[in-house]
Number of protein chains: 2
Amino acid sequence: MTEINDITNSNAANQFILYWGDMGNQWGVNRSVAQIHALLYLSSKPLNAEQIAESLGIARSNVSNSLKELVGWRLIRRVPVPGDRREHYEAEVDVWEMGIRIAQGRKEREIDPATQALRACVAQAQTESGLDPTALRRMQDMQEFLATADTWFRDMLTVPRPKLVMLMKLGTKVVSLLNLAGGKKSK
Amino acid sequence: MTEINDITNSNAANQFILYWGDMGNQWGVNRSVAQIHALLYLSSKPLNAEQIAESLGIARSNVSNSLKELVGWRLIRRVPVPGDRREHYEAEVDVWEMGIRIAQGRKEREIDPATQALRACVAQAQTESGLDPTALRRMQDMQEFLATADTWFRDMLTVPRPKLVMLMKLGTKVVSLLNLAGGKKSK
DNA sequence: CCTCAATTTCTCTTATATCGGAAACAACAG
DNA sequence: CTGTTGTTTCCGATATAAGAGAAATTGAGG
């Protein structure tokens, strides 16, 4: 235990892992999952399940499940280490890529199904004569909003990373630049 | 019970409320809270706690707490109904406004504290001689990313709603327009 | 085809969050 | 001041999720 180079020897690193776990927790992500992710993110070399379990003091089985989930989110990947039979894992370390993958994952798993469900609701609502027209209207508004957001998000995914970064750093300036270019505030 | 105009008489409306509750649940929002929000969103007139409890079949106390939380998120507001002693509530019905408030709320409650914690971690990390330089680097990257995202988000909040909508609807076009206008990919 | 390490699945315990109901509290009318 | 109505706080029961450890499975040498 406590190998050389085990980053959990560092207070700062431990803090980081702790906070990350906590934060994940609030966002509906299992704490172990988030902690493992943090650990791998900080680690300069791939780790195997055993090392992870030991570093974080959580059960081996728990690690196994959590790793599977993280792979599913494409936040970490398996890496074969030559001469070692054990499976090793490393994290995606580009923070932008990471942010995008998390957003993408949530969208796919949680928003998309909801959008679909909403579509069904609206369809159903249109057949109901008794329904308050306001309610119908609201459902449609929501649907349209989600559709717009969805399109926007997918659009943004196609933007090459460096441009995306530039775009975000521009911030408000984007609007003024476009005003010059686009002019009209056409709906 | 089952008053005229109670939208929970509608299947579609009930479906909507159900799904909304479910979705909220996955996002770490209490189901009751989400359901109440959905109900108020669909309702064409303000409702009081009693009506909500009855419509959704949940305890009065639960409604009370959930309402408080929703008010905290500024997703609903109290409205005095003349001639009625009871407190009534109505939802923000502009979907864009709603989306923004949810995002804002999450940011304030969950990201901002994390950012602050991260700052402390990095500070601490810099004092630790033993820490793997890669780990330090990664923490700093993360911090910078969060800072950028934070600035961007605050920027977007200052953009008047109609322009924001326009901006999102433009999607990818924004990039090409900017290339023509801005040219250089200056940092 | 056997052995052994590594991993995954399963089950049970424990922790956490949700929610209903009782009780306390506040506002107000008479 | 007192009774009534509406609201909030508190507490206990219950549902749900997390996590540990044992058991089962896989797969690579030999």
Side-chain angles (χ1 to χ4, degrees), chain A residues 1 8 17-18 20-40 46-73 76-90 109-110, chain B residues 1 3 17-18 20-40 46-73 76-90 109-110:
Chain A
M1 59 198 67
T8 54
I17 292 169
L18 266 265
W20 202 253
D22 234 48
M23 187 167 151
N25 211 23
Q26 292 199 291
W27 282 77
V29 176
N30 185 294
R31 187 166 64 245
S32 310
V33 172
Q35 287 188 349
I36 292 173
H37 181 226
L39 174 61
L40 288 172
L47 302 176
N48 64 44
E50 184 64 29
Q51 295 171 306
I52 295 171
E54 204 184 306
S55 288
L56 300 178
I58 61 184
R60 192 50 246 292
S61 57
N62 193 359
V63 172
S64 174
N65 292 325
S66 302
L67 286 173
K68 193 163 27 159
E69 185 162 348
L70 284 167
V71 170
W73 282 77
I76 66 172
R77 54 182 157 266
R78 294 188 136 102
V79 277
V81 167
D84 194 331
R85 245 178 76 189
R86 291 168 301 183
E87 213 65 77
H88 285 241
Y89 296 86
E90 71 180 5
R109 282 154 235 239
E110 287 141 25
Chain B
M1 57 203 70
E3 312 178 9
I17 292 169
L18 266 266
W20 202 252
D22 236 48
M23 186 167 150
N25 210 25
Q26 291 200 289
W27 280 77
V29 177
N30 185 293
R31 187 163 66 246
S32 311
V33 172
Q35 287 188 347
I36 292 174
H37 181 226
L39 174 62
L40 287 172
L47 301 176
N48 63 45
E50 184 64 28
Q51 294 172 306
I52 296 170
E54 203 184 307
S55 287
L56 300 178
I58 63 185
R60 193 47 245 291
S61 57
N62 194 357
V63 172
S64 173
N65 291 325
S66 302
L67 286 172
K68 193 165 26 162
E69 185 163 350
L70 284 168
V71 170
W73 283 76
I76 66 172
R77 55 182 155 266
R78 294 190 136 101
V79 276
V81 167
D84 195 330
R85 244 177 77 189
R86 290 166 303 184
E87 213 66 76
H88 285 240
Y89 297 87
E90 71 179 5
R109 282 155 233 238
E110 287 140 25

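Letters A, B, ... are given to chains in the order of the sequence lines, protein chains preceding strands, and every chain is numbered from 1. What you see is a predicted model; the values in this text were computed from it and never measured. Just so it is clear, the values below take in all heavy atoms, side chains as well, and ignore hydrogens, waters and symmetry mates.
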Rounded distance (Å) that lies between atom [atom2] of [N] and atom [atom1] of [X]:
| X | N | atom1 | atom2 | value |
| --- | --- | --- | --- | --- |
| L47(B) | dT7(D) | CG | P | 13 Å |
| R60(A) | dA23(D) | CZ | P | 17 Å |
| E87(B) | dT5(D) | CD | C1' | 13 Å |
| I36(A) | dG19(D) | CD1 | C1' | 11 Å |
| N62(B) | dC11(D) | CG | C1' | 15 Å |
| R78(B) | dG6(D) | CZ | P | 15 Å |
| Q51(B) | dT7(D) | CD | C1' | 15 Å |
| L67(A) | dG19(D) | CG | P | 14 Å |

Looking at the side chain of N30(A), which of dT8(D), dG19(D), dA22(D) is the nearest nucleotide? dG19(D)
Among dT8(D), dG6(D), dG19(D), the one nearest S32(A) by side-chain distance: dG19(D)
Within the structure shown, what part of the strands sits under 4.0 Å from [X] by heavy-atom distance: base, sugar-phosphate, or nothing?
| X | answer |
| --- | --- |
| G57(A) | sugar-phosphate |
| N48(B) | nothing |
| R85(B) | base |

First locate atom CD1 of I52(B), then atom CZ of R60(B), and finally report the distance between them rounded to the nearest 0.5 Å. 8.5 Å
Which value, rounded to the nearest 0.5 Å, describes the distance between R85(B) atom CZ and N48(B) atom CG? 12.5 Å
Which comes earlier along DNA chain D counting from the 5' end, the contact point of S61(A) or that of G28(A), where each point is its nearest nucleotide? G28(A)
Just the endpoints, please: which first and last nucleotides of DNA chain C, 5' to 3', lie under 4.0 Å from a heavy atom of chain A? dA5(C) to dT9(C)
Which residue lies more 5' along DNA chain C, comparing R86(A) with V29(B) via nearest heavy atoms: R86(A)
